[in-house]
Amino acid sequence: MERLNSSNKVAGVKQTKAAVNSGSASVVYVASDADITLTEPIINLCKEKGVEIVLGHTRKELAKAAHIEVPCAAAAIIK
């Protein structure tokens, strides 16, 4: 998760999906404590597009690494 802390990134479900769809996401972090209805479409999209998925962090941990104040379900490192 250190890469997320020091890289160009986006945070949140909508921005992460957009980054994956546009081909600009290199790694996507998905919160383990987020609602599956939010995370499942992102995970499936990443698999379809061949984007690396990292699981196992909480929404608060992702927010802290992305330097945002609100917990987020997903974040992505931008190429």
Side-chain angles (χ1 to χ4, degrees):
M1 185 138 75
E2 191 171 308
R3 293 184 293 174
L4 183 60
N5 193 14
S6 63
S7 302
N8 291 332
K9 62 196 154 283
V10 296
V13 172
K14 288 181 184 179
Q15 289 183 342
T16 300
K17 280 184 184 178
V20 173
N21 273 321
S22 71
S24 62
S26 59
V27 180
V28 170
Y29 292 83
V30 178
S32 58
D33 62 344
D35 189 321
I36 194 163
T37 60
L38 295 175
T39 59
E40 188 175 44
I42 293 172
I43 291 169
N44 290 337
L45 183 61
C46 288
K47 288 177 181 178
E48 180 183 311
K49 301 280 188 176
V51 176
E52 180 184 351
I53 305 164
V54 178
L55 302 168
H57 301 286
T58 66
R59 293 179 305 138
K60 286 184 179 182
E61 290 170 337
L62 287 182
K64 184 176 180 180
H67 301 289
I68 62 172
E69 294 182 19
V70 180
C72 62
I77 296 176
I78 303 302
K79 297 177 187 176

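Heavy atoms only: backbone and side chains are in, while hydrogens, waters and symmetry mates are out.
At least one donor-acceptor pair closer than 3.5 Å links the side chain of D33 to the backbone N or O of R59. Checking side-chain atoms of S32 against main-chain N and O of H57 turns up a donor-acceptor pair under 3.5 Å.
Shortest non-hydrogen contact noted between A76 and V28 is CB-CG2, 4.0 Å. Nearest approach of Q15 to V10, heavy atoms of both residues: O-CG2, 3.7 Å. The two residues T39 and A31 have their closest heavy-atom pair at CG2-O, 4.0 Å. The two residues L45 and K17 make their nearest non-hydrogen contact at CD2-O, 3.9 Å. Contact between V13 and I42 at its shortest, heavy atoms only, is CG1-CD1, 3.7 Å. In terms of heavy atoms, K49 sits closest to V20 at CG-CG1, 3.9 Å.
Taking 4.5 Å as the limit, some side-chain heavy atom of Y29 sits within range of a side-chain heavy atom of I77. Side-chain contact between S24 and K79: absent, with no pair of heavy atoms (C-beta onward) separated by less than 4.5 Å.
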- [ ] Take L55 and I43 through the side chain to side chain contact (heavy atoms under 4.5 Å, CB included) test and state the conclusion after the steps.
- [x] CA-CA 10 Å; L55 302 168; I43 291 169; 4.1 Å; yes

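For the atom pair CG of L62 and NZ of K9, the computed distance is 12.0 Å after rounding to the nearest 0.5 Å. Interatomic distance, NZ of K64 versus SG of C72, reported as 13.5 Å (0.5 Å rounding).
Hydrophobic clustering of Ile, Leu, Val, Met, Phe, Trp and Tyr side chains at less than 4.5 Å, counting indirect connections, keeps V27 apart from I53.
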